[in-house]
Q: 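Quick one: the structure is below, and I'll ask about it shortly.
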Amino acid sequence: MLISVALLGVSCVKDRSTFNTRKITPIVIDTTGLKAQLIQYQFDTLQLMPKVTQEGMDSGRLKYQWTIDAYGGYERVVGTTRRLSTAIIENPDPTPYTLILRVTDTTTNLKSVLTWSLQVISPFGQGLIVADTKDGTTSDANLIMAFNFTSGLPTDSATTRIFQNAYSRANGNQKLDGLVKQVNYMRYNSTKDITFLTDHSFVRINPNSYQLTGKDNDLFVLAPGVIQPNEIQTAIKTNQHQYIINNGKAYGRYGETRQFGYSFLAPDALGYSCQKICGLQDPVYYLKTAGALYDEKNNRFLLLPRMVLMSNPLMSFSPTDFSDPAPAFDPNNMGNKTCLQMIEGYDQRIIAIMKTRDQDQFFVYQIKLTDPLNGKMGIMANDLSNSPEIAQAKFYTCSNAEQVLFYATENHVYATTLELGSPSTTMLRYTTGNGEKITGMKMYTGGGSMYLPNPNAPSDWSQRMVFSSANRLLLLSTYNDATKEGKIIAIPLEILGIGGLVTNPDYIRTYSGFGKITAFSLQSL
Amino acid sequence: MKRLLIALAGIILIAACKKEQIKLYQDTDPSLYFTLTTYSYSFMTDLDSTSRVIYLPVKLSGALKDYDRSFTMQVINDTNTTANKDWYELKQGTLPKNSVNGTIPIVLKRNVTIDTSIIKLKLVLTPSSTLDTMPNATIQLSWTGKIIQPINWNWLRYYFGTPFSTAWYKFIIKTTGRSSFPYSPTLARTDPATWNMTQPQIQAYTLQVKEALQSYNAANPDNPLTHDDGIYKGQLVSMP
């Protein structure tokens, strides 16, 4: 009874326990003007500065933490101040990341949190992949996205983006071991990759991220045993397929097949060994063949199987038919010659630059594949032995828009005509600047545009004309030993038919800031 | 009487507090057993060898020791053994220290009989004073050098050709370094883990074999590869 009375008495005492409670001012993150969904290129810098207030309080009490989070537990702290400024290194992903801002009142531990959806997209679009070296032993890959190489860029002013050291930045600052001698882009629908060749290795990366995806044996269904890369080439226009030559043997892959199968078998017991190959960009579907290679072992050309029949063996050319009109040469018997380069030229002809092995004799042979295959496919042979500096030439290329071969020494670019039935005439078309040496040359075949003078007002820049770059833009890579700088020089082909490179320097574009460029290639969409 | 009952209850309570010794497990009888009941070996995986040591896995039921222990096995001469005693050599097994897993080697030999039949050998672990064996610690061993047509030849024939023979399959094995080509789109529907070879893989092996066959025939123009048995015996080996 007494206890009950006591309890009743206590329960009537006024509760004063909340008198010491202090009202905490909320932290307000003002996102006015900020997007809730952010889209950011990988490697670009993301900058945000939301307005954060806590009425009547000292802002020094507030602590900030920015993180980027993803499904699976990924989290990276990207900032600790109100202003966010961070390079986005997260991989491009269709699933957005979450950017989280946590603001904490360090006195009261009161927190306020705000999140954004952050979609990271690949910055690596259509452009020119440039492989360079700065130390002579390792390589890196860069990407130039510019008016010349990228469709959709309306002008060439202020639109150039160069992703320097894109490979090492995407691969933990590791550079490619060795010097890249060739680089090649392949895409079929959503399957795409870039392959680098050094003297000892194949390296494959994802063009969306530039991250390493495979090396050497990874590229093959069956490990070849010896990795000794020789050549790579892609037919990128239609029915995309790719060829490589490893240790003298040619391999092909078609479409979305990521790995090369077994090497092409020889057509006969003679076997073969090759260094150069040419698959046509747009092989006619009814042809039995998709291109050719040169067999150094037996001094002959061999035909590649159709791209959808990569497991078929190589084919011999039909026995040469010397009846009138006789063909210019016999692809089955080229004599003691080695092949320096094979390129697709005008009218889908296969252009082969050849040298007599023990003499300074140089020739250009043209092969036109026919349906049905016949004995008259060796349609033209040009003797270039007397062409200026041909023995010093290191690089060869041509456009499919004219019957001309460009060859380059360390300092000069020459154009020599290859018209059927006519001897070649050769003209000097370009000379490098002081101290600069040519380290590569290729006719550009990718997307993008270029300017040419208006024939009606050649000196009026305002009346310049826009052309597609493909097969009209000659690319040189140069290196200056004194400045240690490499450049890509893009020279439009102004006059077709004679290899007439533009001479007005206003129309020539230079992309600089590289080390010594050892290889370059288009990167398509 | 009441006091007597209280005293009795007190005594019982005191007695209830007495420390009891828990009986621990005594490993007086550590025992070995084979982890497999059957073991098959084919010389198809090693065509050039005349003998092969294989290691039969055993396990211990019992306490670990900090020293290696050895053991043996013996043959059960019943209908499950067709091997001549000259066709194998029994070796001493080892159970490494601090391990429950051991092996016991046996040398399997090869001769004309073994290349044409499947040899059976039933073995049992031998108990010793330090290592007992579990009941029925036996294993049924079989080995052969005989090559038989794989069950998926109905698919492989599209790549290697319809005719099958020992010489031809030996050539394929020697060229590729593989003794099986688990390519079968039909069997893969129900057992994709076993029948896991892809079409590009079998295609690549086919070209590898075709190249080797061309080289072999070019190097042996007077003695090209022919089928040595089966219904195509004597015919030249050819591929599609």
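A note on names: the letters A, B, ... follow the listed sequences, proteins ahead of strands, and every chain is numbered from 1.
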Q: Hey, is NZ on A:Lys288 packed in by over 12 heavy atoms from elsewhere, all under 6.0 Å?
A: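 Not more than 12 within 6.0 Å, no.
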Q: OG1/B:Thr198 to CD/A:Gln259 distance, rounded to the nearest 0.5 angstrom?
A: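 Reported value, rounded in 0.5 Å steps: 8.0 Å.
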Q: Got A:Tyr262 and B:Lys210 here, is their nearest side-chain heavy-atom distance under 4.5 Å?
A: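 Heavy-atom side-chain distance check fails, nothing below 4.5 Å.
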Q: Taking CD1 in B:Ile54 as the centre, count heavy atoms belonging to other residues, nucleotides or ligands within less than 6.0 Å. Is the count above 12?
A: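 It does: B:Ile54 CD1 has more than 12 such atoms within range.
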Q: For each of A:Thr257, A:Asp268, A:Leu222, tally heavy-atom pairs with chain B at distances under 4.5 Å, and name the one with the top tally.
A: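 Of A:Thr257, A:Asp268, A:Leu222, A:Leu222 has the most heavy-atom pairs under 4.5 Å with chain B.
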Q: Surrounding NZ of A:Lys297 (heavy atoms of other residues, nucleotides or ligands, distance under 6.0 Å), is the total greater than 12?
A: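 Yes - once you tally the heavy atoms of other residues, nucleotides and ligands closer than 6.0 Å, there are more than 12.
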Q: Is it the case that over 12 heavy atoms from other parts of the model lie below 6.0 angstrom from the CG atom of A:Asp177?
A: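 At most 12 heavy atoms, drawn from other residues, nucleotides or ligands, come within 6.0 Å of this atom.
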Q: Picking from B:Gln203, B:Gln201, B:Gln208, what satisfies side-chain contact (heavy atoms from CB on, under 4.5 Å) with A:Val221?
A: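 Of B:Gln203, B:Gln201, B:Gln208, side-chain contact (heavy atoms from CB on, under 4.5 Å) with A:Val221 is met by B:Gln201 alone.
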Q: Quick check: are there more than 12 heavy atoms from other residues, nucleotides or ligands sitting under 6.0 Å from CG of B:Leu236?
A: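 Count over threshold, so yes.
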Q: Are any of the side-chain heavy atoms of A:Ser311 and B:Thr206 separated by less than 4.5 Å?
A: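 Result no, sub-4.5 Å side-chain heavy-atom pair not found.
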